[in-house]
Amino acid sequence: MIYIVEDDASIRELELYALKSSGFSVEGFDSAQPFYAALKKQLPELIILDIMLPGEDGLSILKQLRMNQNTQTVPVMMITARGAELDKVKGLDMGADDYMTKPFGIMELISRVKALLRRAVRPEETPVMKCGPIEMDDSRHLITVNGAPITLTYKEYELLKFLLVNQGIVLSRDKLMERVWGYDFEGESRTVDMHIKTLRQKLGEAGKLIVTIRNVGYKIGE
């Protein structure tokens with residue numbers, strides 16, 4: 001089940017139609033209250049959340065989702081207005097997994113939804129991975145730094161995992177976009193950069209282990 005929170009009826013209906021036509025179960029809401037009521041009855045696999053909403057806005061809803069143990073790991077795609085760069089940064093900092101800017105193409109929406117829902121194959125041979133003080137127990141979906149657990153969004157987790165699996169290897173932004181997000185759209189390297197930024201912040205001092213390779217991408221470790 002996918003939940004869409006969008007107050008513009010025409011956009012909401014278009015999203016509902018497109019996703020239903022692609023085989024997804026979808027339900028739409030025009031504001032926070034009916035959305036919260038639906039969450040109590042059924043948790044979705046994905047939430048598409050507009051930022052500009054009447055009453056409680058999307059960023060406030062996102063904050064509530066990430067504070068609630070039942071919804072803190074549900075993937076959330078934020079929908080932002082054109083040019084609202086600050087909203088994108090705030091959304092990612094607060095735990096959004098992806099964002100799209102209005103106006104957007106329906107095929108891109110469907111592709112991003114599929115990518116968010118797709119779970120990467122977990123490396124059976126390396127259920128526990130380490131790099132300095134960072135330890136990932138993939139079987140328990142647990143990240144610790146110096147033994148202290150930290151909370152990551154789904155995409156931050158998948159990004160860190162892919163870096164750890166390829167420890168010491170330089171990974172281009174295109175490769176990270178393809179393997180972690182599951183798609184490749186021109187000009188979307190900013191998505192990778194923003195997630196690297198929030199990941200480093202959550203890792204604290206250990207965030208320095210993620211090294212920027214200028215004009216190429218990123219790597220973790222030596």
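Only a predicted model underlies this, so the values are computations on that prediction, with no experimental measurement involved.
- The shortest heavy-atom contact between Thr198 and His195 is OG1-O, 3.1 Å.
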* Verdict with reasoning, Tyr157 to Asp138, per side-chain contact (heavy atoms from CB on, under 4.5 Å) -> CA-CA 10 Å; Tyr157 182 93; Asp138 200 34; 2.4 Å; yes
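- Here the side chains of Val165 and Lys161 are in contact, with some heavy-atom distance below 4.5 Å.
- Here the side chain of Thr71 pairs a donor or acceptor atom with the backbone of Leu65 at under 3.5 angstrom.
- Here the closest non-hydrogen pair linking Gly221 and Gln167 is CA-CG, 4.5 Å.
- Formation of a donor-acceptor pair under 3.5 Å by the Ser60 side chain with backbone atoms of Asp57 is not found in this model.
- A distance of 11.5 Å separates CD1 of Ile48 from CZ of Arg112, quoted to the nearest 0.5 Å.
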Check: residues 12-23 side-chain donor-acceptor pairs under 3.5 Å, at least two apart:
residue, atom, partner, partner atom, Å
Arg12, NH1, Glu6, O, 2.5
Ser21, OG, Tyr17, O, 2.8
Ser22, OG, Ala18, O, 3.1

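- Contact between Pro133 and Ala206 at its shortest, heavy atoms only, is CG-CB, 3.8 Å.
- For the atom pair Leu160 CG and Lys202 NZ, the distance stands at 11.5 Å (nearest 0.5 Å).
- With sequence neighbours excluded, the residues satisfying side chain to side chain contact (heavy atoms under 4.5 Å, CB included) with Pro34 are Phe29, Asp30, Ser31.
- Hydrophobic clustering of Ile, Leu, Val, Met, Phe, Trp and Tyr side chains at less than 4.5 Å, counting indirect connections, keeps Tyr154 apart from Leu142.
- Residues Phe35 and Ile47 form a side-chain contact, since some pair of their non-hydrogen atoms from C-beta on lies under 4.5 Å apart.
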* To do: Determine, stepwise, if the pair Met194 / Lys197 fulfils side-chain contact (heavy atoms from CB on, under 4.5 Å).
  => CA-CA 5 Å; Met194 286 182 175; Lys197 177 184 175 182; 5.6 Å; no
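- Checked for salt-bridge contact, Asp98 and Lys114 miss the test: no charged N lies under 4.0 Å from a carboxylate O.
- Heavy-atom neighbours of Gln64 CD from other residues, nucleotides or ligands within 6.0 Å: above the threshold of 12.
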* Where do Ile196 and Leu163 land on the side-chain contact (heavy atoms from CB on, under 4.5 Å) test, with the steps shown first? -> CA-CA 11 Å; Ile196 288 288; Leu163 287 167; 4.2 Å; yes
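- Met78 contributes atom CE, which lies 8.0 Å from atom CD1 of Ile61 (distance to the nearest 0.5 angstrom).
- Every residue was checked against the side-chain hydrogen bond (donor to acceptor under 3.5 Å, both in side chains) condition with Lys175, not counting sequence neighbours, and none meets it.
- Nearest heavy atoms, Thr153 versus Glu156: N-OE1, 2.9 Å.
- Between Ile169 and Lys219 the shortest side-chain heavy-atom distance does not fall below 4.5 Å.
- A donor-acceptor pair under 3.5 Å is formed between the side chain of Asp8 and the backbone N or O of Ile11.
- Expressed to the nearest 0.5 Å, how far CG of Leu209 lies from CZ of Arg200 amounts to 10.5 Å.
- No side-chain heavy atom of Leu46 sits under 4.5 Å from any side-chain heavy atom of Asp97.
- Rounded to the nearest 0.5 angstrom, Gln42 CD and Glu27 CD are separated by 8.0 Å.
- Here the shortest heavy-atom pairing between Tyr3 and Pro44 reads CD1-CG, 3.5 Å.
- The backbone N or O of Val180 lies less than 3.5 Å from a partner atom in the side chain of Lys155, making a donor-acceptor pair.
- Rounded to the nearest 0.5 angstrom, Met77 CE and Leu49 CG are separated by 11.0 Å.
- Screening residues 127-137 for side chain to side chain donor-acceptor pair (under 3.5 Å), with sequence neighbours left out, gives Asp137-Ser139.
- In this structure, Asn215 has no side chain to side chain contact (heavy atoms under 4.5 Å, CB included) partners at least two apart in sequence or on a different chain.
- Arg66 approaches Val76 most closely through the heavy-atom pair NH2-CG2, 3.5 Å.
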* Verify side-chain contact (heavy atoms from CB on, under 4.5 Å) between Ile51 and Tyr99, making sure each step is shown before the conclusion. => CA-CA 10 Å; Ile51 288 183; Tyr99 66 85; over 6 Å; no
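- Ile213 belongs to a hydrophobic cluster whose other members, connected by ILVMFWY side-chain contacts under 4.5 Å either directly or through intermediates, are Val170, Val211, Val216.
- Between the side chain of Arg173 and the main chain of Thr191, no donor-acceptor pair closer than 3.5 Å is present.
- In this structure, Leu39 and Asn68 have side chains that are not in contact, with every pair of non-hydrogen atoms separated by 4.5 Å or more.
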